[in-house]
Amino acid sequence: MSNPIEIAVDTNVLLDLADGNETVLDCLNLIRERIKDPIIVVLPAVIQELAQITDSGDTAKEKGLL
């Protein structure tokens, strides 16, 4: 059995995903087609950035996505 492949996503990917960005959705679907059971990883720095956006995001749209 091979080791699962981990795919790390950054803050922009998660914000775009929450916004329904078709390019991000297509990329994630392509990853799932080509890699069997990938593990999507959100690193602690990304979680911190999302928390910061929640508190003091640049735009109301950013805050609304979270």
Side-chain angles (χ1 to χ4, degrees):
M1 184 170 147
S2 63
N3 291 333
I5 295 178
E6 295 179 347
I7 309 291
V9 295
D10 73 358
T11 306
N12 292 326
V13 170
L14 296 177
L15 290 174
D16 288 343
L17 184 61
D19 195 31
N21 182 293
E22 288 293 323
T23 302
V24 171
L25 292 168
D26 289 345
C27 287
L28 290 174
N29 285 332
L30 182 61
I31 288 169
R32 288 186 184 116
E33 286 175 16
R34 294 189 177 188
I35 300 172
K36 182 180 166 70
D37 300 324
I39 297 174
I40 305 297
V41 178
V42 179
L43 299 174
V46 172
I47 295 170
Q48 290 173 344
E49 288 177 4
L50 292 173
Q52 182 178 6
I53 291 169
T54 300
D55 291 339
S56 58
D58 291 336
T59 66
K61 180 179 178 181
E62 273 186 348
K63 289 181 180 181
L65 293 173
L66 304 174

For this session: Calculate, to the nearest 0.5 Å, the distance between atoms CG and CG belonging to Leu28 and Leu17 respectively.
Result: 6.0 Å

For this session: Report the residue from Asp10, Ile47, Val13, Thr11 that forms a side chain to side chain contact (heavy atoms under 4.5 Å, CB included) with Val42.
Result: Ile47

Exercise. How far does CG of Leu15 sit from CD of Glu49, to the nearest 0.5 angstrom?
Worked result: 9.0 Å

For this session: Give a yes or no answer on whether the side chain of Asn29 reaches the backbone of Leu25 with a donor-acceptor pair at less than 3.5 Å.
Result: yes

For this session: Begin with the C-alpha distance, continue with both residues' side-chain angles, and end with the deciding distance and a verdict on side chain to side chain contact (heavy atoms under 4.5 Å, CB included) for Val41 and Val9.
Result: CA-CA 6 Å; Val41 178; Val9 295; over 6 Å; no

Exercise. Can you tell me how far CD1 of Ile7 sits from CD1 of Ile40, rounded to the nearest 0.5 angstrom?
Worked result: 6.0 Å

For this session: Could you tell me which residues satisfy side chain to side chain donor-acceptor pair (under 3.5 Å) with Asp19, sequence neighbours excluded, listed by chain and number?
Result: Lys61

Seminar exercise, completed: So salt bridge (charged side-chain N to carboxylate O under 4.0 Å, His left out) across residues 21-40, not counting sequence neighbours, yields none

